*Asks:* 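Have a look at this one before I ask anything.
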Amino acid sequence: MKITRQKHAKKHLSFYRHNFRFREPYQVLLDGTFCQAALRNKIQIKEQLPGYLMGEVQLCTTRCVMKELESLGKELYGAKLIAQRFQVRNCAHLESPISSSECLLSMIANDNPHHYFIATQDHSLGNKVRKRAGVPLIFIIQNTMVLDKPSPKSVAHVQAQQISQLVPEHQKHNLEHLKDEQGVAAGTERRGKKRKRVGGPNPLSCMKKKKKKSPEVPPTPAGSQKKRRRKKKGNSALKGVAESV
Ligand SMILES: [Zn+2]
């Protein structure tokens, strides 16, 4: 099970590395729900996540996440202790903190320029993350951390990108021109074929001509006969010469 889990992670990571330029150290933004789930499942995030992602990992969070954990009190005290060990990234809500889920979504706005992973157990946040292209999602399931497979949004984004890369704008215009030309060419070919088809009766006329020629044919053998005669004559002449000699 572990091997297949790792294989899937490797496959998903290479997708983000190739298509969204993710590089080590991987920037993982964690919220309170993920820290709480890790605590419950006895998962050592800092120790286990680099091994799972097979690379250096930078664990980080935001002020808003910390503020929310502080406000939730004793129940999330352990989660808060875990989150305190992470780097606190600057968000745009220094003076007026917002909910952690909204804050994390703001951190991945504008096509996730800082290449953040989002680690959360908040299902509604997870679903919102999946609607953004190029944001890897990590959650905890059955006592283990799992890198979610690239969302349909991410896959569609990559496919659209690949198509536009394969056919640049100026080439698209060229292709259209080529198509037009080919269409015209195909039309002329068709016309040519039609002409040939129209000219179908011509062989029949040729046959008639042959029939007309056929009576003319006998004279040519006659000519050949003449030639033969000449040859014969020549031969006879030669014979005559030979005889005379
Ligand atoms: Zn914030």
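Ligands are counted one by one from 1 in listed order, and the atoms in each one are counted from 1 as well. Numbering starts at 1 and runs along the sequence shown. FYI, side chains are in, hydrogens and waters are out, and symmetry mates aren't considered; it's all heavy atoms of this structure. These figures come from a predicted structure and were not determined experimentally.
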*Asks:* Could you list all the side-chain hydrogen bond (donor to acceptor under 3.5 Å, both in side chains) pairs where at least one residue sits in residues 105-121, not counting sequence neighbours?
*Replies:* D31-T120, T33-T120, R89-Y116
*Asks:* Taking the side chain as every heavy atom from C-beta outward, state whether L49 and I138 have any atom pair closer than 4.5 Å.
*Replies:* yes
*Asks:* Same cluster for M145 and I141 if Ile/Leu/Val/Met/Phe/Trp/Tyr side chains link at under 4.5 Å?
*Replies:* yes
*Asks:* Using side-chain heavy atoms (C-beta onward) and a distance below 4.5 Å, is Q36 in contact with E75?
*Replies:* no
*Asks:* Answer yes or no: is there a donor N or O on one side and an acceptor on the other, between the side chain of H8 and the main chain of T4, under 3.5 Å?
*Replies:* yes
*Asks:* Closest approach of P136 and L147, non-hydrogen atoms and distance?
*Replies:* CB-CD1, 3.8 Å
*Asks:* Pull up every protein N/O/S atom sitting under 2.8 Å from the Zn ion (ligand 1), skipping waters.
*Replies:* C64 SG, C91 SG, H93 ND1, C103 SG
